[in-house]
Novice: 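Could you have a look at this structure, given as structure tokens, before my questions?
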Amino acid sequence: MTETPEGDVDPRNRLNELTGREWVYALRSVISTAYPTSGPESYAHDLRRKHPSPKPPQLLAELVRFFTRRDGRVLDPFAGVGGTLIACSLEGRQAVGVDLEPQYGTIYQAVCERLGLAPQPYLIGDARRLTSIPEVQAKPFDLILTDPPYAAMQARAKTGERKKRGQGAATPFTHSPDDLGNLAYNAFLDALHDIVAEALTLLKPRGHLVLFTKDLQPTAEHHNMLHADIVAKLRQLPALEYRGYRIWHDQSMNLYPFGYPFAFVANQHHQFILIFRYLPA
Ligand SMILES: C[S@@+](CC[C@H](N)C(=O)[O-])C[C@H]1O[C@@H](n2cnc3c(N)ncnc32)[C@H](O)[C@@H]1O
């Protein structure tokens, strides 16, 4: 800590507008939450839940407050129904979202209308061709905050307990071959690497990439620790420094008796928030 009282913003702080106390709070490695799924605090969850994996805007807002200042610019190349964009509107930041699937953009517009928010630019397009989208190229970003598919997790039918309960159907984001969620594990990692490499050309030096992911269940063939494989893959980009992760524990998820009474199978109620900084030579 500096000589500045904990309640003040340190004048040397160029990253955000947090006081010392707020900065320290934002360093906790586990964020354990149960965000409301109804009422005004749910940010129109009833509309957003038409997407298989919407993120709570409050969670994204906490990250936006740490990694940007007011009016900062944020890019989400896998925008879904707009968790990042809503967070940016709530926090007075400018955002641009990209997603393959037009119906997610339509839901985002409906959410904005319900919440009385001016929609942020939302482009229908392919994250693998980011720099071909003029709105994305207009001005550099301070932060890329995004939640790509977790390899093919959503595109696979569920087995075991979920299947028994009639919740076994696959819920792919789209049926498009361009959807990263429809790629095999290693092809997904390669595509994500190439997207991040291109996205870095749109990021200010010393800006951040903050990326959500979740591990898949291990198999006999592979540990499936997707978060570790993403870190290893993205560390191949020379200008990208891995800074560590935070864990989001979603208390609202159901606990299933997976494996009972034969073998251990974890209920994965957490996601990894991987944090990288862009430090070009
Ligand atoms: C995990 S979801 C993002 C959810 C989002 N954080 C929200 O709050 O709604 C991943 C999104 O990536 C999109 N997607 C997959 N492949 C893509 C690609 N090649 N280009 C752009 N979007 C893609 C999917 O349509 C899906 O909406």
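Each ligand, and each atom within it, is numbered from 1 in the order the structure gives. Atom set for the values below is all heavy atoms of this structure, side chains included, hydrogens, waters and symmetry mates excluded.
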Novice: Below 4.0 Å, non-hydrogen atoms only: which portion of Ala191 touches ligand 1? Side chain, backbone, both or neither.
Specialist: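 For Ala191, no heavy atom sits under 4.0 Å from ligand 1.
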
Novice: Counting only heavy atoms, which portion of Phe212 has something under 4.0 Å from ligand 1: side chain, backbone, both, or neither?
Specialist: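 None of Phe212 does.
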
Novice: Would you mind running through ligand 1 and noting each atom that sits below 4.0 Å from a heavy atom of Pro54?
Specialist: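 Checking each atom against Pro54, I get 7 (C), 8 (O), 9 (O).
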
Novice: For ligand 1, is any non-hydrogen atom under 4.0 Å from His51's backbone (N, CA, C, O), its side chain (CB onward), both, or neither?
Specialist: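 Only the side chain of His51 comes within reach of ligand 1.
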
Novice: Between Glu62 and Arg28, is there a salt bridge with N-O shorter than 4.0 Å?
Specialist: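 Looking at Glu62 together with Arg28, the answer is yes, because their closest N to O distance falls below 4.0 Å.
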
Novice: Which one holds for Phe78 and ligand 1: side chain close, backbone close, both close, or neither close, with close meaning a heavy atom under 4.0 Å?
Specialist: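 For Phe78, backbone and side-chain atoms both sit under 4.0 Å from ligand 1.
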
Novice: Between Pro57, Ala79, Gly83, flag the one that comes closest to atom 5 (C) of ligand 1 by a heavy atom.
Specialist: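 When every heavy atom of Pro57, Ala79, Gly83 is considered, Ala79 comes closest to atom 5 (C) of ligand 1.
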
Novice: Before accepting this row, confirm whether a basic side-chain N of the pair Arg93/Asp71 lies closer than 4.0 Å to the acidic partner's carboxylate O.
Specialist: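 Result for this pair is no, no salt bridge flagged.
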
Novice: Find out whether Val30 and His270 are in side-chain contact, i.e. whether some heavy atom of one side chain is under 4.5 Å from a heavy atom of the other.
Specialist: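 With C-beta onward as the side chain, the pair stays apart.
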
Novice: Between Ser176 and ligand 1, which residue portion shows a heavy-atom distance shorter than 4.0 Å: side chain, backbone, both, or neither?
Specialist: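 The answer is neither.
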
Novice: Looking only at protein heavy atoms, which one is nearest to atom 10 (C) of ligand 1, and what is the separation?
Specialist: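 The closest one turns out to be Asp147 O, 3.3 Å.
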
Novice: Measure the NE2-OG1 distance between His227 and Thr213 for me, rounded to the nearest 0.5 Å.
Specialist: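 The distance works out to 9.0 Å.
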
Novice: Nearest to atom 26 (C) of ligand 1 by heavy atom, Val81, Asp99, Val98: which?
Specialist: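 Looking at heavy atoms only, Asp99 sits closest to atom 26 (C) of ligand 1.
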
Novice: Does the distance from a Lys or Arg side-chain N to an Asp or Glu carboxylate O, for Asp142 and Arg73, drop under 4.0 Å?
Specialist: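 A salt bridge is absent here (no side-chain N lies under 4.0 Å from a carboxylate O).
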
Novice: Salt bridge check, Arg114 against Asp46: does any charged N sit closer than 4.0 Å to a carboxylate O?
Specialist: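 Here Asp46 pairs with Arg114 in a salt bridge, since their nearest N and O are under 4.0 Å apart.
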
